[in-house]
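Order of the sequence lines fixes the chain letters, A, B, ..., with proteins taken first and strands second; residue numbering starts at 1 for each chain. Model, not experiment: these values are computed from the prediction. Scope of the values below: all heavy atoms of this structure, side chains included, with no hydrogens, waters or symmetry mates.
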Amino acid sequence: MAVMRQSRPGRISGGRSSAWLPALVALLSLLMLPWGRTDRSLLEFDGKLLVLSQAPGLGVLLLAGLAVLVVASLLHLPLVQRGYALVGLGSAGFLAGVGWLVTTGVPFGVGALLALSALLVLIGVGLSESGIIQNDPFVTSSILISSLFVLLFIVYPLFTVLRESIWIKGVFTLSKVQSVLGSPLFISIENPYTPQSEQFRVALTTLALGLVGAVLAARGGLRAGRVFAGLGAGLVLGWIVGAGIYGGGALPTSLYLALIVAPITTGLGLVFALLEQRSRAGWVRRSLAIVSLLPLITPPFVFAFALIYWLGRSGIITGDLLGLKSNFLFGINGVAIAQIFAFTPVAFLILRGSVQGLNPAFEEASATLRAQPWPTFQRITWPLLRPGLAAAFLLTIIESLADFGNPMLLGGDRNFLATEVFLALTGRYDPNEAAVYGTVLLGLVLVVFALQRLWLGNTSFVTVTGKPGGGNFSPLPLWLERTLQTVLALWGLAVVLLYFSIFYGSFVQIWGINNSFTFKHYQDLTNLGLPVLLKTAQLAFISAIIATLVGFLIAYLVSRQQFFGRGLLEVGSMLSFATPGTVMGVAYILAFNTGPWLLTGTGIIIVLALVFRNMPAAIRGVISGLSQIDKSLEEASTLLRAPSSTTLRRVLLPLLIPQLLAGMVFSFVRGMTAISQIIFLISPGNALATVLLLRWIEQGDLGRGAAMATVMIFGLLAVILLLFAVSRCFGRGTSLDAAV
Amino acid sequence: MQPGVLSPQNNPAAVSVKLEGVVKKFGKVTAVERVDLELPAGKLVTLLGPSGCGKTTILRMVAGLERPTEGRILFGGEDVTRLPAYLRDITMMFQSYALFPHMNVYQNIAYGLQVTRRPKAEIKERVVQVVQQVGLSGLEDRPVAALSGGQQQRVALARSLVMQPRVLLFDEPLSNLDAKLRKRVREEIRDLQLELGITSLYVTHDQEEAMAISDLVVLMNKGIIEQQGDPRTLYTRPISRFAADFIGRANFFEGRYHGGYVEVAGYRQPYRQEGISGQVTVMVRPEALRIQPSGEGLEATVHQVSFLGSTTEFSLDTPVGRLEGVVAGDAPELPGRGERVKVQFAPQGMFLLPA
Ligand SMILES: Nc1ncnc2c1ncn2[C@@H]1O[C@H](COP(=O)(O)OP(=O)(O)OP(=O)(O)O)[C@@H](O)[C@H]1O
Ligand SMILES: [Mg+2]
């Protein structure tokens, strides 16, 4: 029963090309879909918008070229020569199309979008088939498409921010930069209404801390380099502290705030991490598991909101207990407290990694060498913890600088960089000023990232060790454990009270004035908030799916394929993670408000913003998942004649389902709770839950806001628990830490 | 083993593979230095050499997983240097087997046929066939994680064979098996390869394995081909000390060769070899040492005798250094430690290299 071998074509280096499909797609979308638009809606359709009527010359050229390519792809021709033709004609068409859009400034239509993407795919197929690039057509096309999207939706908007700050009405000028940096909103030290001289005090603080820095540095060895570095660091810190306390303006306030929040948050994170590892009490572990969930289910400024109930002008503690009508909460104090509550769980998650990297064997070894506990800590534990602490510290600084919701609610009369970006644009209608603030904020954040690189090098945050080996950690000394447990208990109590106040506030008439029970707020919510909540969930869901799939693709490309510009693609796609949300928001407004890439006012731009903001987390999750999968699986699949698209779908996708699922849920949750970037992008019909919540709280509709927050918290909690249940079914853990 | 779908004795699909001036650099590291190599159609060729000499790199270039920095690769005369891996019609057995962990045995084997869109009925028939051929019948529904190492190996082999590849590649396929299983599986691989007539390239650093299964052995060293030939030639006519040392065991010492004699420390051993004379390095295989209590021969003192079961090994101290020897079986007639003896060399176990 011999089955004959399949007859093979004599030469496999010729034949049909898969380019016919993209060529056909491009052809049809040019023929049938609008090339340009006249207004914001992408769904507009009108015969006059077809490329043949809008740009007849371009249209005929493109259509003719594409028709040739479709036919050529379907014939049996030598691969290499046809590949070159595909690259040549494809690039010419792509450049002509983009060139037309850029020079005329006509907003692109659906047809142009599809046709240009299909042309890129075509170029990719050509690059592969000609052998110019070794990757297969699918990979090459994916590289081109994802590079285009990263360029268009991450790099180009950021570039626009920089441009708008120095390029005003078509002229290069530094006048805007000067006027913004010189304005009292940015820095103001001297207050003319006080008798004393603030400038003098700031100078004094600066000098004092500079001196302290120099002395501390000198203790480690009297070398000029060290001493000057210490002096410099001290002077900078001194100025920040001095200007933060005695002066005002966005720059000193934001920096001073970050300097207060970062050490406290990092310290609390360390306390929790140590307790989790070494505490003997069961309740400690259980409550810490909940702590690690908090940042996922809490909309960003909910703590700030709850703090108003407790410490606001008629708050329980300030008003009822102490009988004050105090503005204590509104200003740096309140923002700092709210940020500490919001960021501590994140610091905990980072430090948990590095505490788990500690190996009990080190401590045991040290103990057997008769070292006392304190020297052991100083010489063994501390150096190993330091990278994690630095990472947590710097990340908290970045988060604090970038935070938008808390300063918005509790900032009082202080100015903050992140909110100033927003206020300049929407309050003072000055896009150039917003761009300058954005550039400053972005610059600061990049400096912190650079510091992190400098301090930590390329080492990962977690110390590299093998498996957590045997051996037991020496328990903490009893007094220490008691102290740490007290800290945790107090923190837990505060969090419970804060959550409870939101919950309670959603059921009473007017908090503190009329405490009678009511469903009124939920009724209001059903009428006013429900459509918005559903719309938000819809946009977040769509963006989560796209972010996960695109993230999966990019992760695969950068970690499994070799190609020119791989590092750039990786950095580019991660850039949106480093960029503060408000900067990205103003960047999107500036980049997509007019011209060929007009997108503002649509739901699409919100989806895009969320996709590119949440994608880095998905990318990291998938990359860590891929590192567990042996590369030979993919090579085996390739040699079994699967093109890489098939390998991706049939081998990698099933193996990465837990990571992808986690990535998707976290993208969704982040999408639901995002505020800083999308507050710039909302439009009538595309209102979002967090923005509405912020507005209600600002207007004083606290009860309604509380109802909204309650619904969101429970909704997100349900989603997360569902994820845990599902991933338990898969029997593999979720990559929770990786995604946070 | 029943001959089946994969039976043609002289596989018409088998192609010869040719590497012409192939160079591979990874950045500054040169992994392969300029290799010319031909695999005749239907033969099994082994790449043998120490770790890091570039064997895997050559294999991966043939597969299309790496692209040569310079040079060409031809399949049956057709230049495939730029042809992507998934179009080359080649399969490979990986050291780690690379079985898909989320699929069962059947799905693993059928994978390649499925992705190339073969009809369902044909897939089933071919998979059943090959499953029998490699002796996995009855295990089709097992998850691959629930198989022993040897069984996983067979799944990997079946998955490659079912594609009826033009060339079959092996990258140290046996290194995860224990010694006994290794011998059995390598014999099975060779049987199947001979039966199916598939052109095969086999990488190993185990010289015994290479000798056992190859039509042609290619010995590599530091990115270049040191010597190639059939196993017997390589063993009896090594062209360098490295080759002699890597393939089998050997003793080396200095001597002079002229007029049909090799002169070693005053002893004249009759021997003939073309194209060499004067000062030479003498290579003698251990089994070529002949000991006698007296008479002609190199002066020697017995240093040690160890009985190993099927062989007995001994070592001798001579004026040219210590020599290792071996005889088959138990050899009670061998002189004991410290005795003075004469040693001669059997010419078929000798070879002269330029000094
Ligand atoms: N992807 C790569 N990048 C850089 N260098 C590489 C790469 N792959 C191989 N090399 C280097 O090329 C040389 C040859 O490697 P190769 O894997 O071919 O050796 P090998 O003969 O298969 O060794 P082994 O027996 O240990 O498997 C080595 O020095 C190796 O370090
Ligand atoms: Mg190798």
Worksheet item: How about T204(B) and D206(B): does a side-chain donor come under 3.5 Å of a side-chain acceptor?
Response: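 No.
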
Worksheet item: Side chains of T647(A) and E634(A): do they bring a donor and an acceptor to under 3.5 Å?
Response: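 On atom types as modelled, these side chains do not qualify, holding no pair under 3.5 Å.
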
Side chain, backbone, both or neither of [X] within contact of chain A (heavy atoms, under 4.5 Å):
{"X": "R159(B)", "result": "both"}
{"X": "E66(B)", "result": "backbone"}
{"X": "L99(B)", "result": "backbone"}
{"X": "F100(B)", "result": "both"}

Discussion item. Nearest 0.5 Å, please: how far is CE in M103(B) from CD in Q114(B)?
Written reply: 7.5 Å

Worksheet item: Taking everything shown except H102(B) itself, do over 12 heavy atoms lie less than 6.0 Å from its NE2?
Response: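 Yes, NE2 of H102(B) has more than 12 neighbouring heavy atoms, counting only those of other groups under 6.0 Å.
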
Item to complete: Give, as side chain, backbone, both or neither, the part of S644(A) having an atom under 4.5 angstrom from any heavy atom of chain B.
Response: neither

Worksheet item: Which bit of I133(A) comes within less than 4.5 Å of chain B, counting heavy atoms only: side chain, backbone, both or neither?
Response: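 Backbone only.
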
Item to complete: For each of G76(B), G64(B), P101(B), tally heavy-atom pairs with chain A at distances under 4.5 Å, and name the one with the top tally.
Response: P101(B)

Worksheet item: Does a side-chain heavy-atom distance below 4.5 Å link F94(A) with I123(A)?
Response: yes

Discussion item. Can a donor-acceptor pair be found, under 3.5 Å and without considering hydrogens, that links the side chain of N176(B) to the backbone of S96(B)?
Written reply: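 No: the side chain of N176(B) does not pair with the backbone of S96(B).
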
Practice prompt. Between chain B and each of I629(A), L633(A), T638(A), count heavy-atom pairs under 4.5 Å; write down the option with the most.
Written response: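 The answer is L633(A).
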
